[in-house]
**Student:** 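The following block contains the structure, expressed as structure tokens.
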Amino acid sequence: MKKILILPLTFLLLSGAFTACKKDGSSVFGSADGNSDDPEAVIEDQARELEELRALAEMDRREMENQYEQFAMQYDELKKGVSDPEVLKELEAEKKRTQELLAQIRQLKNDKQVNSAEILRLKKELESVREILRSYIIQVDSLTRENGRLRGKLDDARLRLDEATGTISTLNEDRAKLNAKVERAAQLNASGISISAVKKNGKAAKKTKEISRFNVGFNLQRNVTASTGERRVYVRFMAPSGAVMSPGGKFTYENKTLDYSAVKSIEYTGEEQHISLVVPASDDFLQPGRYSVHIFCDGQMIGSSSITIEK
């Protein structure tokens, strides 16, 4: 506070005191010993006092220079905590203004004569910069606190989202398991599967050379879970060699296309019903061995069995 009071007096004296001395030959301050009659002593005292005032003025100038430098650096620090483009633009403009004023205060060091009016102007500008900087510090601090609060909310929201996602994932898994159980429960099943080799006259064949066809019979079990309606039942009859006997067309099973030996359309009512199909024997000589049958419906294998034929 002392420097602020001294500075105007300093420059008023520096700008006018010495001129006044030259005009009337008197000292504004007087001599060190109170004797104003010795002109040389008066001049020496004035020169010494003016030098002291210049030193005080330079101290004030350096202090202002230091404060301007600190303010410019503070703007850089404030920018680090700001992401808003408009606020960043304002901070950069104020930093540039502060640097321009800093350049002006540094220029005063090179001036031979001290401009008291310029010093006073820069001191006022310094107060203005200080107030503006203080307002930005408050604003950025408020933004930082608000950003922290919003980040906390965002973290909470992410946590709740993760929890909800986990819950949904669990529900989806439970639903998938339940659907699998329902699908298994709704799957049709063939029971009591019978395979018989038959001659052309319809009598049972005992030798491979007598076989004209194979009769395949089974029961579709009662299933109240399965939907009612039309179904297509496929029979795949396999020779001992692994070849499909009497292939009559193709169907899809587990994303694969397979040959079937016989097919039949039925009207499923949900109650148990008997199904029978005929598989013609191949024109080629039938080999003795194990013949197998696989039954399919609704994309699922619902039963299988086998028969061994003697030579």
Side-chain angles (χ1 to χ4, degrees), residues 1-24 26-34 36 40-145:
M1 186 67 182
K2 290 181 179 179
K3 290 183 179 180
I4 295 175
L5 296 174
I6 291 173
L7 185 60
L9 176 61
T10 298
F11 294 114
L12 288 174
L13 291 171
L14 287 174
S15 59
F18 192 70
T19 302
C21 289
K22 286 184 176 180
K23 288 182 178 180
D24 56 15
S26 63
S27 171
V28 176
F29 305 101
S31 64
D33 56 2
S36 61
E40 292 184 0
V42 170
I43 292 174
E44 288 179 0
D45 290 342
Q46 289 178 343
R48 183 177 67 255
E49 291 170 353
L50 287 173
E51 186 61 31
E52 291 175 354
L53 291 174
R54 287 192 182 96
L56 290 174
E58 176 59 18
M59 288 175 61
D60 280 345
R61 189 200 66 79
R62 285 200 303 268
E63 183 177 349
M64 283 196 296
E65 180 179 356
N66 182 55
Q67 291 186 30
Y68 274 118
E69 288 176 347
Q70 290 180 359
F71 291 164
M73 288 188 294
Q74 282 184 302
Y75 277 115
D76 283 332
E77 290 299 319
L78 284 176
K79 287 166 62 179
K80 293 179 181 179
V82 176
S83 58
D84 189 307
E86 290 300 322
V87 177
L88 284 172
K89 185 177 179 180
E90 293 174 7
L91 290 175
E92 182 62 29
E94 288 300 326
K95 174 190 171 185
K96 183 177 180 181
R97 173 173 173 259
T98 303
Q99 289 175 330
E100 290 173 353
L101 293 171
L102 175 61
Q104 294 174 25
I105 198 69
R106 284 173 176 170
Q107 180 63 36
L108 292 177
K109 183 178 181 180
N110 301 324
D111 293 345
K112 293 182 179 179
Q113 293 183 351
V114 176
N115 188 332
S116 59
E118 182 67 5
I119 290 291
L120 291 174
R121 182 186 70 82
L122 290 173
K123 183 173 280 291
K124 290 180 180 179
E125 291 285 359
L126 180 63
E127 292 303 318
S128 174
V129 170
R130 180 181 286 108
E131 289 301 319
I132 292 173
L133 179 60
R134 183 181 294 113
S135 69
Y136 276 116
I137 290 174
I138 295 172
Q139 182 180 353
V140 171
D141 182 64
S142 176
L143 289 173
T144 301
R145 288 197 302 271

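This is a predicted model, so every value here is computed, not measured.
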**Student:** So, using side chain to side chain contact (heavy atoms under 4.5 Å, CB included) as the criterion, who are the partners of Gln104 when residues are at least two apart?
**Tutor:**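 With neighbours one apart ignored, the set is Leu101, Glu118, Arg121, Leu122.
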**Student:** How many angstroms lie between atom CG of Leu78 and atom CD of Glu90, to the nearest 0.5 angstrom?
**Tutor:**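 Reported value, rounded in 0.5 Å steps: 12.0 Å.
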**Student:** Any side-chain heavy atom of Glu94 within less than 4.5 Å of one from Leu133?
**Tutor:**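 Glu94 does not reach Leu133 side chain to side chain.
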**Student:** Report the distance from atom OH of Tyr75 to atom CZ of Arg97, rounding to the nearest 0.5 Å.
**Tutor:**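 Separation between the atoms: 7.5 Å.
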**Student:** Show your working on side chain to side chain contact (heavy atoms under 4.5 Å, CB included) between Lys79 and Tyr136 and close with a plain yes or no.
**Tutor:** CA-CA 10 Å; Lys79 287 166 62 179; Tyr136 276 116; over 6 Å; no
**Student:** Starting at CD of Glu69, measure out to CE of Met73 and round the result to the nearest 0.5 Å.
**Tutor:**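 One gets 6.5 Å once the value is rounded to the nearest 0.5 Å.
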**Student:** Sequence neighbours excluded, which residues qualify as side chain to side chain contact (heavy atoms under 4.5 Å, CB included) partners of Arg62?
**Tutor:**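 If we apply the side chain to side chain contact (heavy atoms under 4.5 Å, CB included) test to Arg62, skipping adjacent residues, the hits are Glu58, Met59.
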**Student:** Could you tell me whether Glu127 and Arg130 make a salt bridge, using a distance below 4.0 angstrom between a side-chain N and a carboxylate O?
**Tutor:**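 Yes.
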**Student:** Kindly say whether Ile138 contributes a backbone atom to a donor-acceptor pair with the side chain of Ser142 at under 3.5 angstrom?
**Tutor:**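 Checked: no pair found.
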**Student:** When rounded to the nearest 0.5 angstrom, what distance separates CE in Met64 from CG in Asn66?
**Tutor:**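 Met64 atom CE to Asn66 atom CG measures 11.5 Å (nearest 0.5 Å).
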**Student:** What distance separates Leu126 CG from Leu102 CG, expressed to the nearest 0.5 Å?
**Tutor:**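 Separation between the atoms: 10.5 Å.
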**Student:** Which pair of non-hydrogen atoms, one from Ala72 and one from Gln99, has the smallest distance, and what is that distance?
**Tutor:**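 Looking at all heavy atoms of both residues, the closest pair is CB-CG, 4.3 Å.
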**Student:** Any chance you could measure Glu77, atom CD, to Gln74, atom CD, to the nearest 0.5 Å?
**Tutor:**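 Reported value, rounded in 0.5 Å steps: 8.5 Å.
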